[in-house]
Number of protein chains: 2
Amino acid sequence: MENYIGYFKALRESKGLTLREVERQTEVSNAYLSQLESGKIKQPSPLTLHKLSEIYGVGYDILMEKVGYPPLKKKVAEINRDKSSIALRVGSITEDEEVELLNYLKFMRSRKK
Amino acid sequence: MENYIGYFKALRESKGLTLREVERQTEVSNAYLSQLESGKIKQPSPLTLHKLSEIYGVGYDILMEKVGYPPLKKKVAEINRDKSSIALRVGSITEDEEVELLNYLKFMRSRKK
DNA sequence: TAACATTGCTAAGTATTGCAAGCATTTTTT
DNA sequence: AAAAAATGCTTGCAATACTTAGCAATGTTA
């Protein structure tokens, strides 16, 4: 969402790295890095950001937010709503559904043996 | 990490939602949702995943990893808060079990009407 | 000085996300 | 039963991430 012009360039230069050195270590082309630093790229992919976060020593989540992706950090309210790890994957469920799912899971597993 | 075929469709149907209902709430076109569910989309953007995570009640980070984006390390405090009843009793579930549970959840909920 | 390497950058091309419009079929309403 | 609405889906199309190839300027070495 916001402007991160100057940010990536300052980051790289603070480490004393050239575009081609970053290219070697991240396998992101120097051409693209140049475009990124000059503000021609709106939202580099998470994978690209992850590579950059490693070489620059900056948090992956920091870079994600920097370019405007939704924040990765969970809010406490959401954590409390999602009680179990299953709920994290299938969405929130009621207590009754939880029991029924448990039984069904048990049935599923016994059937596949 | 690779294939999430069946997952998004199972998620939606477990909630008893139509493509156009999800479109209304997330502002993601039903056309795109259809392609996503049929496996024609490799990596939907973080913003799209964030919207889906909200309407489906599934962790944003879970969806991010599901489609193959780099994993984000959780804070220890959050991890401990996340695991509760079901996880402690049955342990983790496989991807196949996950989809099967979603389908059963859909059946459970449709039965009670 | 001359040859060569390195630097940042641009232009053109490929691939993919996501949308608008529309179609065929099923479901709902009258 | 007919009309209307809702549903899932396909087909172009625009926008954009990212690459390869190359250029001009600067730095390095013989």
Side-chain angles (χ1 to χ4, degrees), chain A residues 1-56 58 60 63-70, chain B residues 1-56 60 63-70 99 102-103 106-107 109-111 113:
Chain A
M1 292 275 200
E2 322 208 345
N3 266 355
Y4 47 89
I5 13 173
Y7 179 67
F8 286 102
K9 183 163 189 173
L11 215 47
R12 176 175 59 84
E13 290 181 339
S14 76
K15 304 278 180 196
L17 297 171
T18 67
L19 290 180
R20 280 182 168 81
E21 184 57 38
V22 176
E23 169 178 300
R24 263 169 234 127
Q25 295 188 38
T26 62
E27 288 181 316
V28 175
S29 72
N30 69 81
Y32 185 67
L33 292 170
S34 175
Q35 294 171 33
L36 175 63
E37 292 185 355
S38 62
K40 281 166 189 157
I41 303 299
K42 293 187 178 176
Q43 279 190 328
S45 79
L47 178 56
T48 298
L49 291 180
H50 186 75
K51 289 172 178 173
L52 292 180
S53 82
E54 286 192 330
I55 189 178
Y56 290 154
V58 177
Y60 173 41
L63 293 187
M64 289 287 285
E65 290 193 35
K66 200 85 183 177
V67 306
Y69 288 132
Chain B
M1 171 148 166
E2 284 126 47
N3 270 352
Y4 45 90
I5 322 172
Y7 177 66
F8 285 103
K9 182 163 190 172
L11 253 188
R12 176 175 58 84
E13 291 183 337
S14 78
K15 302 277 188 294
L17 297 172
T18 67
L19 290 180
R20 279 183 167 81
E21 185 56 38
V22 176
E23 169 178 297
R24 263 169 236 126
Q25 295 188 39
T26 62
E27 290 181 318
V28 175
S29 73
N30 69 80
Y32 186 67
L33 291 169
S34 176
Q35 294 171 29
L36 175 63
E37 292 185 355
S38 62
K40 281 166 191 157
I41 303 298
K42 294 186 179 175
Q43 279 191 328
S45 79
L47 179 57
T48 298
L49 291 180
H50 185 75
K51 289 172 177 172
L52 292 179
S53 83
E54 286 194 327
I55 189 179
Y56 291 152
Y60 172 42
L63 293 187
M64 290 286 285
E65 291 194 31
K66 202 89 181 175
V67 306
Y69 286 132
V99 171
L102 282 170
N103 285 326
K106 172 191 176 187
F107 164 70
R109 288 171 174 168
S110 71
R111 194 179 42 181
K113 280 182 183 173

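Side chains included, hydrogens not; waters and symmetry mates left out as well; all remaining heavy atoms used. Letters A, B, ... are given to chains in the order of the sequence lines, protein chains preceding strands, and every chain is numbered from 1.
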Fill in: Whole-Å distance separating the CD atom of A:E23 from the C1' atom of D:dC18
12 Å
Practice prompt. Please state whether the phosphate of C:dT17, meaning OP1 or OP2, lies under 4.0 angstrom from any side-chain nitrogen or oxygen of B:T48.
Written response: no
Worksheet item: So which one's nearest nucleotide on DNA chain D is more toward 5', A:N30 or A:S45?
Response: A:S45
Discussion item. Under 4.0 Å from OP1 or OP2 of C:dA20: is there any side-chain N or O of B:S29 that close?
Written reply: no
Worksheet item: Angle, rounded to 10°, between the helical axes spanning five pairs at each terminus of the helix from C:dT1-D:dA30 to C:dT30-D:dA1?
Response: 10°
Discussion item. Using whole Å, what does the distance between atom C1' of nucleotide D:dC9 and atom CG of B:L36 come to?
Written reply: 14 Å
Worksheet entry | No-H, no-angle donor-acceptor pair, A:Q35 side chain to D:dT19 base, under 3.5 Å | yes
Practice prompt. Send over the distance from A:K42 NZ to C:dT16 P, rounded to a whole Å.
Written response: 21 Å
Worksheet entry | Which atom of B:L33 lies closest to which atom of B:L19, heavy atoms considered | CD1-O, 3.6 Å
Response to the item:
Note: A:P46 and A:Y69 closest approach over all heavy atoms is CD-OH, 3.8 Å
Worksheet item: If only side-chain N and O atoms of B:K40 are considered, is one of them under 4.0 Å from the OP1 or OP2 phosphate oxygen of D:dT10?
Response: yes
Response to the item:
Residue set satisfying salt bridge (charged side-chain N to carboxylate O under 4.0 Å, His left out) with A:R20, at least two apart, ordered chain then number -> none
Worksheet item: Which is true for A:E27 with a 4.0 Å heavy-atom rule: it touches a base, it touches only sugar-phosphate, or it touches nothing?
Response: sugar-phosphate
Discussion item. Taking the nucleotide of DNA chain D with the nearest heavy atom to each, does B:Y32 or A:V28 sit closer to the 5' end?
Written reply: B:Y32
Practice prompt. May I have the step-by-step check of side chain to side chain contact (heavy atoms under 4.5 Å, CB included) for B:M64 and A:M64, ending in yes or no?
Written response: CA-CA 12 Å; B:M64 290 286 285; A:M64 289 287 285; 3.6 Å; yes
Discussion item. Looking at A:E54 and A:K51, is any side-chain nitrogen of the basic one under 4.0 Å from a carboxylate oxygen of the acidic one?
Written reply: no
Discussion item. Can you measure A:L17 atom CG to C:dG8 atom C1' for me and round it to whole angstrom units?
Written reply: 15 Å
Response to the item:
B:P44 and B:L36 have their tightest heavy-atom pair at CG-CD1, 3.8 Å
Worksheet item: Which atom names give the shortest non-hydrogen contact between B:E37 and B:R12, and what distance separates them?
Response: OE2-NE, 2.7 Å
Worksheet item: Atom CD of B:Q43 to atom P of C:dA15: distance rounded to whole Å?
Response: 17 Å
Atom pairs under 3.5 Å: protein N/O with N/O of nucleotides 3-7 of chain C:
none

Practice prompt. Grab the two heavy atoms, one from B:L11 and one from B:Y56, that are nearest each other, plus how far apart they are.
Written response: CD1-CD1, 3.6 Å
Worksheet item: Could you state the CG-C1' distance from A:L33 to D:dA17, rounded to the nearest angstrom?
Response: 13 Å
Fill in: Least distance between heavy atoms, B:Q43 atom then B:Y4 atom
N-OH, 4.1 Å
